[in-house]
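Working notes, structure below.
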Amino acid sequence: MKKENDNGKPRHRYGMVIDLDKCTGCGTCMIACAAENNVSVRPDQSDKERAITWMRLYKITNGKEFPDTEVSYFPRPCMHCDHHPPCVSVCVATATKLDFNTGIVSQIYTRCIGCRYCQAACPYGARYFNWWDAYFPKDKGLDRYLSPEVSPRMRGVVEKCTFCHHRLMRAKEQAYAEGRREIEEHEYQTACTEACPVQAITFGDLNNPDHKVSKLVKHPFTFRLLERLGTEPKVYYYSSRDWVRKLGDNFLPGEYKPVLHKTWMQEEWSTKPGRDTY
Amino acid sequence: MKNRANPSERPSQSEGASSRAGFFPKWLNINVAVQDVGFFLVGLIAALIVGWVVFPAVLYSKQTQPMNFNHRLHVSPDIGIDGETREERCAYCHEFRDDGTFAGIPKLDKCTECHDDPESPLGDTPQEKEFLERYVSGGKEIPWLIYSRQPDCVYFSHIAHVNMGELSCDTCHGDFADNEKLPVYQENRLTGYSINIWGKRISGIYGDKKPADRMKMDDCAECHTKMGQEQNNSCFVCHK
């Protein structure tokens, strides 16, 4: 993977690690995301086929009978695939692109023609179509919460998680005001990361060895969804449970190799800095 | 074919055309051809007038600002705004907030730092009296129309260009701050965008085009490319 852009300037690769051991499935990330990004609500928000949730929470179980049942929750933002994102290659209007400098997959609503190819192509179901014009009920005061930093969407376009890209721009402006060019890790954090009450989400630059994410992704318990498709998602998950990691991809019987828990905890990882909470 | 049907006419016709015979093929009727070209030109010119003069006049609605603002007077060094350079004096009103965002057009409380007493004007012009009566005495904000306002989906950062890029205001806004009278604000009836985005000339032909003439997507990108800022030409730099 290229670490520099064509100008020879350093390239960032923003990514996220979600700790499924910590996630309680409270759904705060979904709410924080919707509020931050002017995500429209429906009069009947329980219609999950049509509701828009950039950050979606799934529930998975190990499928065992009562005393052995285990449950895990699974927050799913856009994966911001790093290698030929399927949505980008099918887009007929160049409305979605992989930004080489940040690794963020952009979505330009005014360019989108609403063909929904990208929605079909996305292996993660991270894209949502606006079947109606945005709706923010006035009497509930929702319209007063609209953020001017995120442009509103219109009927007939696709939208998705942007890693709160406007927060990156905000952090850059702050840095410029102080005469800096580079931004600190804590200055650019997505809304879901900040909102998570158990701090299950870690966000940062995967190319920067000082950022926590770049260490976390090396942990043997970290995995990605459908990793073998080769799209190189930049959203990683962490789970110490084998059955959870196994659900992250479609394995043939016997193909999945469990991680040797004990060995790693004692020898390699426990001596490495960064993940002191485990 | 007609000639063959009526052979008696044939000699006279070929005689008439004989003076130009070597030049034009026989089947071409010169008079008709000239007429056709003439009609075409008349139509073309009419279409161009409609397209370049009538259409823009219809397309853009003209609105006047709520009041006149004399920029030239307020940026002149001798009315009490400190600052060595011109740009420093601009920053008295058009300032950056601490978080790097651009405050844009100043609010009324900036004006009332000098025009503080509605009863005693600083000069003796009727414009100032009107300004004091209509806005200062009631504490009412002036609803300015913004010439350079970009569409909702566009993200623009003044601090990146002014502080980091070291561009002067005049690069992009031309000699706007030398005006004594505000120009007419023209709004596209279809898109609702100001004419400053698409440029005053609908033909798009400027000769030596400057950023202040027009500020479409390509114009932003053109300057970025010219200044070696290609990394700022990906969608999510200028869009939000």
Side-chain angles (χ1 to χ4, degrees), chain A residues 4-12 14 37-38 80 88 91 93-112 134 146-154 157 159 162-183 187, chain B residues 87-88 91 94-105 107 146 148-169 188 190-193 197-198 215-218 220-221 223-240:
Chain A
E4 298 199 326
N5 66 27
D6 302 333
N7 282 2
K9 293 188 182 154
R11 173 184 180 268
H12 303 288
Y14 289 103
N37 291 298
N38 298 342
H80 294 276
V88 171
C91 181
T94 334
T96 182
K97 279 185 104 178
L98 173 62
D99 187 336
F100 200 61
N101 300 296
T102 56
I104 296 176
V105 177
S106 63
Q107 174 75 18
I108 309 295
Y109 316 115
T110 43
R111 174 67 63 86
C112 175
L146 288 179
S147 158
E149 288 177 298
V150 183
S151 65
R153 278 76 64 183
M154 53 301 242
V157 303
E159 63 182 69
T162 61
F163 269 173
C164 290
H165 153 267
H166 57 284
R167 289 184 170 220
L168 172 62
M169 304 321 266
R170 197 198 286 165
K172 273 190 176 175
E173 288 207 328
Q174 174 81 61
Y176 291 165
E178 291 162 16
R180 287 179 288 135
R181 280 216 172 262
E182 287 306 317
I183 58 169
E187 285 179 313
Chain B
E87 305 271 286
E88 274 173 43
H94 302 293
E95 59 188 349
F96 289 112
R97 303 190 190 96
D98 284 346
D99 66 355
T101 50
F102 185 59
I105 292 175
K107 293 268 179 289
I146 298 174
S148 49
R149 174 70 93 227
Q150 291 282 352
D152 261 359
C153 62
V154 175
Y155 167 83
F156 181 80
S157 160
H158 267 91
I159 202 155
H161 292 93
V162 177
N163 282 18
M164 306 315 267
E166 288 172 357
L167 295 168
S168 82
C169 311
N188 187 316
L190 298 177
T191 60
Y193 304 152
I197 307 294
W198 265 85
M215 202 53 99
K216 291 207 295 179
M217 181 150 88
D218 290 352
C220 310
C223 178
H224 287 175
T225 309
K226 217 163 50 199
M227 301 192 60
Q229 297 287 339
E230 281 94 345
Q231 82 276 12
N232 288 334
N233 284 345
S234 48
C235 311
F236 250 11
V237 173
C238 312
H239 286 280
K240 57 185 182 187

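This structure is a prediction, so every number in the text was calculated from the model and none was measured. Numbered from 1 within each chain, the chains take letters A, B, ... in sequence-line order.
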Exercise. Which pair of heavy atoms, one from A/Asn101 and one from B/Gln231, lies closest together, and at what distance?
Worked result: ND2-O, 2.9 Å

Problem set entry | A/Met169 to B/Val237 - nearest heavy-atom pair and separation | CE-O, 3.4 Å

Seminar exercise, completed: Rounding to 0.5 Å, atoms CD (A/Glu178) and CG (B/Asn163) come to a distance of 12.0 Å

Seminar exercise, completed: Of the listed A/Thr94, A/Leu168, A/Ile108, the one with the largest count of heavy-atom pairs under 4.5 Å with chain B is A/Ile108

Problem set entry | Which portion of A/His166 sits near chain B, non-hydrogen atoms under 4.5 angstrom | neither

Exercise. Which atoms of B/Tyr155 come close to chain A, meaning under 4.5 Å heavy atom to heavy atom: side chain ones, backbone ones, both, or neither?
Worked result: side chain

Problem set entry | Smallest separation among heavy atoms of B/Asp99 and A/Ala177, with atom names | C-CB, 4.3 Å

Exercise. Out of A/Lys172, A/Arg181, A/Lys97, which one racks up the most heavy-atom pairs below 4.5 Å with chain B?
Worked result: A/Arg181

Seminar exercise, completed: Rounded to the nearest 0.5 Å, the OG atom of B/Ser157 sits from the CZ atom of A/Arg170 at a distance of 13.5 Å

For this session: Would you please name every residue forming a ring-ring contact (aromatic ring centres under 6.0 Å, His included) with A/Tyr176, sequence neighbours left out?
Result: none

For this session: Please report the shortest heavy-atom distance between A/Pro148 and B/Lys240, naming the atom on each side.
Result: O-NZ, 3.2 Å

Problem set entry | From CZ (B/Phe236) to CD1 (A/Ile104), nearest 0.5 Å | 7.5 Å

Exercise. So which heavy atom on B/Cys235 is nearest to which on A/Ser106, and how close?
Worked result: CB-OG, 3.9 Å

For this session: Provide the closest heavy-atom pair for A/Arg180 versus B/Met164 in the form atom of the first, atom of the second, distance.
Result: O-CE, 3.6 Å

